[in-house]
Student: 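Sharing a structure here in structure tokens format.
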Amino acid sequence: MKKYVCGICGYVYDPDKGDADGGIPKGTAFEDLPDDWACPVCGASKDEFSPE
Amino acid sequence: MQNIYSAVKITNNVYWVGAIDWGIRDFHGYTTPEGSTYNAYLIMADDVTLIDTVKAPFKDEMLSRIRSVIDPAKIKYIISNHAEMDHSGCLAEAIDLIKPTKVFASAIGVKTLKELYHDQHEIIAVKDGETLSLGNMNLTFMETRMIHWPDSMFTYLAEEELLFSQDAFGMHLATMERFDDELPQHKLEYEAATYYANIVLPYSAIVLKTLEKVATTGWKIKIIAPDHGPIWRKNLGWIIELYKKWATQRPVNKAVVLYATMWHSTEKMARAISEALAEAGVRTSLLSMNKFHRSQAAYEVLEAGALVVGTSTLNNNLLPQMADTMTYLKGLKPGNLIGAAFGSFGWSGEGVRDLEAILKEMKVEIAAPALSIRNAPNKGALQMCQELGKTIAAELKKKLTSS
């Protein structure tokens, strides 16, 4: 599963780690994140992300 | 007539050419009782360079300070370390007047400046780690995204061992003194902490990473020149350690009790809770948000272990002063807190429930059930408040022992 980088703040979403604070379990692919998921660092929406 | 505004020499080749805003009191919702400065810096290298500019109304003050050293037309490069308007507000006008050969910003800075000013000036993007030769001196750029905007970057001047840190290590403090060693240390600590709490706190995780990144560069730094407040030439290690401490957000034995009240009932509860917390050995700050500003609450919460919040219920809602404070605090993302909500109500009591919901959204660990009292608290109700204070104190002690 690919990592994705936030184009605003540089945060990297790693599917192996998930996003515990955002309620996203480990092993969740970026594509499977809910549409309203936001970058945990800067709050940018999913469409600001691109593959690392 | 001689210039009123002169530059201040920082090193052999670097001058402060910023502006002092003695009158500003509201910085986008952060109250600044001591005013501020907008710091711009002139590097007298072979290729003369200006680092950042100032807020638009202060353009002439900046130009006047530049003129006390050199004809502004001799400036070859302008660097924008931070696109926010207090540092870029006169950038377009400065470019028109100075006509520099090139203007640089981070990639996101270029985009942000375009979106802020919608003009035709060409700004060149520099990459993280890129260097720029000024002839006899060299600049290195480091992206510091989200400290505290996505465009933010540091610029390092190796020959003078000087780091231009834009808003990092800054403070809102209007003074004639330009250096940290000219000001009392307790004042520096208070103003730097207030600035950190109100501006930098949400990005604490990035602060820690950035401090590590700077350490790995091997840069020798003897001066930190921020975009607000005094220039650090003596207490560099001290302010860096404070930044590490604030960014770590380790809980401490301190409770902050914030409340708003209609007819003093919630206030009585707040007093009883605070007295019990203090009696149990917890350092306690009590702030009536009817009277205090939200930025003071942010300062108090920066170094705390417990956040206890109270409100009356007004028209089925929490009081607007608490809605204001909680919205602000939630955005600042203070970490590692335990807490509880309390308050008085007349007939419905939604305010306390709403406050507790906000605490949960803020990831504050709820240490005790919310305490709601109908109308004025009697002796029994005040005893319950004391119990609440004791419970929070005991939970805080547990947390401090285990962490």
Side-chain angles (χ1 to χ4, degrees), chain A, chain B residues 82-84 105-116 125-129 141-154 166-168 199-210 212-213 247 249 327-328 330-337 359-365:
Chain A
M1 282 188 288
K2 261 189 205 156
K3 291 180 183 173
Y4 277 70
V5 188
C6 175
I8 304 293
C9 74
Y11 163 82
V12 178
Y13 175 77
D14 180 350
D16 292 340
K17 291 182 184 160
D19 168 25
D21 283 349
I24 305 298
K26 291 174 187 172
T28 308
F30 182 81
E31 294 75 11
D32 295 334
L33 291 171
D35 290 343
D36 62 354
W37 179 82
C39 172
V41 174
C42 73
S45 58
K46 257 184 96 173
D47 54 13
E48 298 285 357
F49 280 71
S50 53
E52 192 178 35
Chain B
H82 183 21
E84 197 166 4
S106 68
I108 295 181
V110 171
K111 204 173 134 196
T112 308
L113 289 166
K114 287 275 171 225
E115 288 174 2
L116 286 173
V126 289
K127 288 194 183 76
D128 185 46
F141 306 106
M142 178 190 278
E143 281 190 357
T144 59
R145 290 191 194 191
M146 303 319 292
I147 305 177
H148 68 114
W149 271 22
D151 68 283
S152 305
M153 70 174 186
F154 287 172
Q166 38 94 22
D167 280 351
I199 302 283
V200 190
L201 181 58
Y203 309 111
S204 287
I206 300 180
V207 168
L208 293 173
K209 277 189 195 159
T210 304
E212 276 173 32
K213 191 173 161 186
Q249 286 280 284
T327 303
Y328 191 66
K330 188 178 140 192
L332 294 173
K333 297 185 183 169
N336 284 323
L337 291 166
L359 285 178
K360 285 178 182 165
E361 278 178 54
M362 289 172 69
K363 302 189 196 316
V364 173
E365 192 186 316

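Quantities reported herein were computed from a predicted structural model and do not represent experimental measurements.
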Student: Take atom CG of A:Asp35 as the centre, draw a 6.0 Å sphere, and report whether it contains more than 12 heavy atoms from other residues, nucleotides or ligands.
Tutor: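 Atom CG in A:Asp35 is not packed in, count stays at 12 or less.
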
Student: Who among A:Ile8, A:Asp21, A:Val41 has the most heavy-atom pairs with chain B under 4.5 Å?
Tutor: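 Between A:Ile8, A:Asp21, A:Val41, the count favours A:Ile8.
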
Student: Look up atom SG in A:Cys39 and atom CE in B:Met146, then write down how far apart they are to the nearest 0.5 Å.
Tutor: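 Rounded to the nearest 0.5 Å, the SG-CE separation comes to 8.0 Å.
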
Student: How about residues 105-113 of chain B versus chain A: which residues have heavy atoms under 4.5 Å apart?
Tutor: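 The list, in residue order, reads B:Ile108.
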
Student: Salt bridge (Lys or Arg N to Asp or Glu O under 4.0 Å): which pairs involve residues 141-153 of chain B, sequence neighbours left out?
Tutor: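 Counting only pairs at least two positions apart or across chains, the salt bridge (Lys or Arg N to Asp or Glu O under 4.0 Å) contacts touching residues 141-153 of chain B are B:Glu143-B:Arg145.
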
Student: Any chance NZ of B:Lys213 has more than 12 other-residue heavy atoms, nucleotides or ligands included, within less than 6.0 Å?
Tutor: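 Buried by this count: over 12 neighbours within 6.0 Å.
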
Student: Would you indicate whether B:Lys333, at its atom NZ, is surrounded by more than 12 heavy atoms from other residues, nucleotides or ligands within a distance under 6.0 Å?
Tutor: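 Check passes, neighbour count above 12.
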
